[in-house]
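Structure record follows, encoded as structure tokens.
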Protein chains: 2
Amino acid sequence: MKDVARAAGVGLKTVSRVVNGEPGVNEPTARRVRSAIEQLGYRRNDSARLLRSGQTASIGLVIEDVADPFYSVVTRAVEEVAARNDLLVFTGSSDERPERERRLGMAFCARRVEGLIIVPAAGARHEYLAPELAAGVAAVFLDRPAVGLAADTVLSANREGARTGVAHLIAHGHRRIACLGDVAEIHTAEQRRQGYRDALAAAGIGHDPALEVMQAPRIEALAAALRRLAALPEPPTALFTGNNVTTAHALRALAADAPGHPLALVGFDDFPFADLLTPAVTVVAQDPARLGRTAAELLLRRLGRADGVDPAQADPLIAAELGADPVRVELPTRLVPRGSGEIPPPPGTR
Amino acid sequence: MKDVARAAGVGLKTVSRVVNGEPGVNEPTARRVRSAIEQLGYRRNDSARLLRSGQTASIGLVIEDVADPFYSVVTRAVEEVAARNDLLVFTGSSDERPERERRLGMAFCARRVEGLIIVPAAGARHEYLAPELAAGVAAVFLDRPAVGLAADTVLSANREGARTGVAHLIAHGHRRIACLGDVAEIHTAEQRRQGYRDALAAAGIGHDPALEVMQAPRIEALAAALRRLAALPEPPTALFTGNNVTTAHALRALAADAPGHPLALVGFDDFPFADLLTPAVTVVAQDPARLGRTAAELLLRRLGRADGVDPAQADPLIAAELGADPVRVELPTRLVPRGSGEIPPPPGTR
DNA sequence: TTGAAAGCGTTACCAT
DNA sequence: ATGGTAACGCTTTCAA
């Protein structure tokens, strides 16, 4: 910029004015400046600019794994809102490791992102963010609540959704229903297990710990668990799977071990091709795009950019005035019956 | 930092030394500084630091749509390499719109990212990046080559992969094979169509333009196209679909229109659950993780960070010494027979 | 309309 | 071992 000023024979500020389209520059002068810019291949350095102006026009997004279809849709929704508001997005996957989540979050803060959207890793605590929030960084927790920190949160109605899904199986005659969840350290996994138990209790079905399998979704471990379940004196006639990855692995394990003998199944999370499988898979669907959009819009409002949120399209759940207290938004889930959840128990299993 | 220096009664540079763990500070002094940092809640501003040091330790990734399972896996792979090298990643989806691709790319450059990984949008040209490259920004094009710009590129062997897939159908007796592709403006779509034609030509099968459908993958349009194909005097007995979205839509349309009468099908791109559908779907699989990893590693080498690339794990295709000229890496595809591609033509269709 | 100087938060260089 | 000063590339403030 200095070079441009010299080449055009004008002051630094004049170049700045031209570059930023500010008024107060004569056309001939502006023309000279523009041609110097062209000549020298000058490109404005936004980092420097933002350092001076104190804003970075960027946000950070920390999720579990961008390759997971659920989070990739969340990411896209966040990007969309950000793009509409001229915010750039740093992204990173924590891989469910607290230290990685923290590392990413702190790295983004060190770059002085204006806001952070975080999907907490299993077992992570978030005291580390308190100084950042105190320093003015806005943070919205997505999919799972913060631990040890009061902060805005956007979640799905996990417990209620799970309850509905399991109740659906019960309504179709099942009484031996297994729950295949993720590690209970993960908030969503725990909540969905609670919903599972709620449904059993409401139907007066005793709770059998042998039917609850809470473990990280790896295909071999899941296949082993399914074999153990099948070997029970009273094996389950239906499965409730607690997330998309678990559902996928369970379906694959079942297809390998017992082809042609479909167990009833309701999965938490919708997934591509659920409708094309045989039988089509009944799911409790979340709305990942809405989760991402809502979190991003909430963040914008916290950043005082409420104007960036189109009121016509804004999520009604955050349409109300925002106070100083953290907000907790819980988005509804939707039961999508497709076939696998409507399979009756085999005769003779009462 | 100024405040910290004053509070600790030391100079600015001493604080800087402590913060960065540089040697040359007495332990008692360092202790005073650290306690002042604690007290004041000081957090280093990396943006300012990087402005001064001239590096930004960040790269930009522009893809078509992070919600697409193909690109989300690419993204994760890029993130992984970046994280190992302490690089932060800006991401953005172009939504196949050249102006968005350009906007994102330029925004990243204005923040002075050190490198750029770009999946070109359909119809985009890349002359706009020439000044950036001249200014020292490294760029690697991913999945599709740059247009109007000589630059490093990492692609799949699209034409050869498509040829193999269609040849597979021919080997199973098909002679009327439709090609459902994306808009021909997209390099991969065009290349795969060429591969389709190559296979037909090699088998001495005449080329029928009516069997080539090149259009943006929307479900209704695809269903209509399939109906038109079915109404031909000699309808196709097999389908070659040119990407994961097209495959998904085609399968859905077929399931709705002609349930129980599966057409033979080979799809380009693998996708989750391809193995669990009935019939399981034969695909020409790309390796999106490897595409992303290879592009990121190539970028690192261009940034002179070859040490960040683990030589034991580095992709052999970029293991060779890098010269000044742009490199073009073409990764192999893999035919995965699963059932849908091995269905013979119905009797009487010769 | 224009520009000089100060400052954003940091590091580099050179003294002390 | 420690610190002052300049500089990174820009914007802001204020004066001309």
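These numbers were taken from a predicted model, which means no experiment stands behind them. Quick note on labels: first sequence line is chain A, next is B, and so on, each numbered from 1. The basis for the numbers below is simple: all heavy atoms, side chains too, and nothing from hydrogens, waters or symmetry mates.
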N or O in side chain of A/Ser53 less than 4.0 angstrom from D/dT11 OP1/OP2: no

B/Lys2 NZ - C/dT11 P separation (whole Å): 15 Å

Aromatic ring pairing B/His126/B/Phe141, orientation class (parallel under 30°, perpendicular over 60°, tilted between): perpendicular

Gap between atoms CZ and C1', on B/Arg111 and D/dG9 respectively (whole Å): 15 Å

Between P of D/dC8 and CZ of B/Arg112, the distance in whole Å: 14 Å

From CA spacing to verdict: side chain to side chain donor-acceptor pair (under 3.5 Å), A/Glu79, B/Ser93: CA-CA 7 Å; A/Glu79 275 184 4; B/Ser93 299; 2.6 Å; yes

Donor-acceptor pair (no angle test) under 3.5 Å: A/Arg17 side chain, C/dG3 base: yes

No-hydrogen, no-angle side-chain donor-acceptor test under 3.5 Å, A/Asn45 and B/Arg111: no

Position toward the 5' end of DNA chain D (nearest nucleotide), B/Arg32 or A/Leu12: B/Arg32

Per B/Arg52 side chain, nearest of listed nucleotides C/dT10, D/dA1, D/dT11: C/dT10

Sugar-phosphate, base or nothing in reach of A/Thr29, heavy atoms under 4.0 Å: sugar-phosphate

Residue mapping more 5' on DNA chain C - nearest nucleotide basis, B/Ala48 or B/Lys13: B/Ala48

Separation of atom CE in A/Met1 from atom P in D/dA7, rounded to whole Å: 17 Å

A/Glu22, CD atom: more than 12 neighbouring heavy atoms under 6.0 Å: yes

Protein-nucleotide distance (B/Arg6, atom CZ; D/dG4, atom C1'), rounded to Å: 16 Å

A/Arg103 CZ: over 12 foreign heavy atoms closer than 6.0 Å: no

Distance below 4.0 Å between A/Ser16 side-chain N/O and D/dT11 OP1 or OP2: yes

Sugar-phosphate, base or nothing in reach of B/Val10, heavy atoms under 4.0 Å: sugar-phosphate

First of B/Thr14 and A/Glu22 reached from the 5' end of DNA chain D, by closest nucleotide: B/Thr14

Between D/dC10 (P) and A/Asp46 (CG): distance, integer Å: 9 Å

Any A/Asn20 side-chain nitrogen or oxygen under 4.0 Å from OP1 or OP2 of D/dT11: yes

Rounded distance (Å) that lies between atom P of D/dA1 and atom CZ of B/Arg31: 16 Å

d(CG, A/Asp3; C1', D/dC10) in whole Å: 14 Å

